[in-house]
Q: 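Before I ask anything, here is the structure I am working with.
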Amino acid sequence: MAAIIEAEALTKRYGGKRGIAGVSFQVEEGEVFGFLGPNGAGKTTTIRVLMALLKADAGTARIAGMDAWQQSVEIKKLIGYLPGELALDPHLTGGQILEYFGHLRGGVDQTYLKQLIGRLNLDPSRKFRQYSTGDKRKLGLIQAFMHRPRLLVLDEPTNGLDPLNQQEFEHMVQEMRDDGRTVFLSSHILTEVEQTCSRVAIIREGQIARVGGVAEVKDIKRYEIAITFATAVPADAFRTLTGVERVDALPDGHTLRLAMQGVADEVIKVAARYPVVTLTSHEPSLEDIFLRYYEGDGQAVKEASHVVS
């Protein structure tokens, strides 16, 4: 299958500040590709270079075989784009904004547009300035999807959406994929990427750390379980269990904190042998995960060109 996005050694600097350095990856036609990393890692900079909103200092980017900078007008005809932040006329209604974008596209299927508005429960009669953060995101998603583009480029698409609309967004992405279209989405939410993407690129501090299947995300996913017992329980009872990477006994003498990866079935079964007062599970932020996983591991970033298919 041919690549619809080809990024090769993309570099963009902001004076003395870090941007992106040597970013390389490919997105195949018809796949849902996740661009994953903590806030500030370089996701938006990369997307803006692909969209020709920023000019790369070095490297090349091609979309559908065309140079992203030299042929940006032609490329934009193929793309539905949702930026990280929408800056639209505050005095126009949502409906007027969608009508304007529709005219720019040479017209869109009005029936499909109305379906999108209904699915995301957007009131198109309200002015943009009256929209909540979530409503602005809905408007942005609708204008990106409404012309059924060959390629969707979405920067943090579910930011501000409630759970029901997040679920609807996932259905919309699946429909685009089933129709043979390509979706490139950036996110800092592990669960979102796991549920929607087939492959991911993981970016950290402006460099690609990994490119591979969604299992690559699961490989770095860590979470914690804290169990408080009515009586003191030996930490050794949990240290050798499947999925347990570390066990810490807290000063109160009754609580164990387990660093986990994978399923917690064995942990739950062993904990049930003792009088449990509370059991809580906590998934660290992506920033915490990256700090733990890559701290002191320069090799992870040096392998930026390594691709796992």
Q: Taking only Lys NZ, Arg NE, NH1 and NH2, and the carboxylate oxygens of Asp or Glu, determine whether Glu266 and Lys269 approach each other closer than 4.0 Å.
A: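 Looking at Glu266 and Lys269, the cut-off is not met.
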Q: Can you give me the closest heavy-atom contact between Phe145 and Pro149, atom names plus distance?
A: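 Minimum heavy-atom separation between Phe145 and Pro149: O-CD, 3.8 Å.
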Q: Would you give the length of the straight line joining atom CG of Asp252 to atom OG1 of Thr255, rounded to the nearest 0.5 angstrom?
A: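 That separation rounds to 3.5 Å.
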Q: Taking all non-hydrogen atoms of both residues into account, name the closest pair between Val211 and Ser24 and its distance.
A: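 In this case the closest contact between Val211 and Ser24 is CG2-O, 4.3 Å.
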Q: What I want to find out is whether Asp248 reaches Arg246 closely enough, with some N-O distance under 4.0 Å, to be called a salt bridge.
A: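 Salt bridge flag = yes for Arg246 with Asp248.
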Q: Test of understanding: with ring-ring contact (aromatic ring centres under 6.0 Å, His included), list the residues that count as partners of Phe169, not counting sequence neighbours.
A: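 Testing Phe169 for ring-ring contact (aromatic ring centres under 6.0 Å, His included), a comparison that skips the adjacent residues, returns none.
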Q: Would you compute the distance between atom CG of Leu141 and atom CE of Met172 and round it to the nearest 0.5 angstrom?
A: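 Rounded to the nearest 0.5 Å, the CG-CE separation comes to 6.0 Å.
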Q: Between Glu31 and Arg181, is there a side-chain N and carboxylate O pair less than 4.0 Å apart?
A: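 No.
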Q: Strictly by ring-ring contact (aromatic ring centres under 6.0 Å, His included), give each pair with a member in residues 21-53 just once, sequence neighbours left out.
A: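 Those involving residues 21-53 are Phe25-Phe33, Phe25-Phe35, Phe25-Phe184, Phe33-Phe184, Phe35-Phe184.
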Q: Are Tyr100 and Leu88 packed together at the side-chain level, in the sense that at least one heavy-atom pair is separated by less than 4.5 angstrom?
A: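 Counting from C-beta outward, Tyr100 and Leu88 never come under 4.5 Å.
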Q: Atom CZ of Phe229 and atom CG of Leu256: how far apart are they, to the nearest 0.5 Å?
A: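 The CZ atom of Phe229 sits 5.5 Å away from the CG atom of Leu256.
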Q: Kindly compute the distance separating CG (Leu122) from CG (Leu98), expressed to the nearest 0.5 Å.
A: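 The CG atom of Leu122 sits 7.0 Å away from the CG atom of Leu98.
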Q: Say you draw a straight line from CD1 of Ile225 to NE2 of His282; how long is it, rounded to the nearest 0.5 Å?
A: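 Taking CD1 in Ile225 and NE2 in His282, the distance rounds to 12.5 Å.
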Q: Indicate the atoms forming the closest heavy-atom contact of Leu161 with Arg137, along with that distance.
A: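 Scanning both residues, the minimum pair turns out to be CD2-CB, 3.9 Å.
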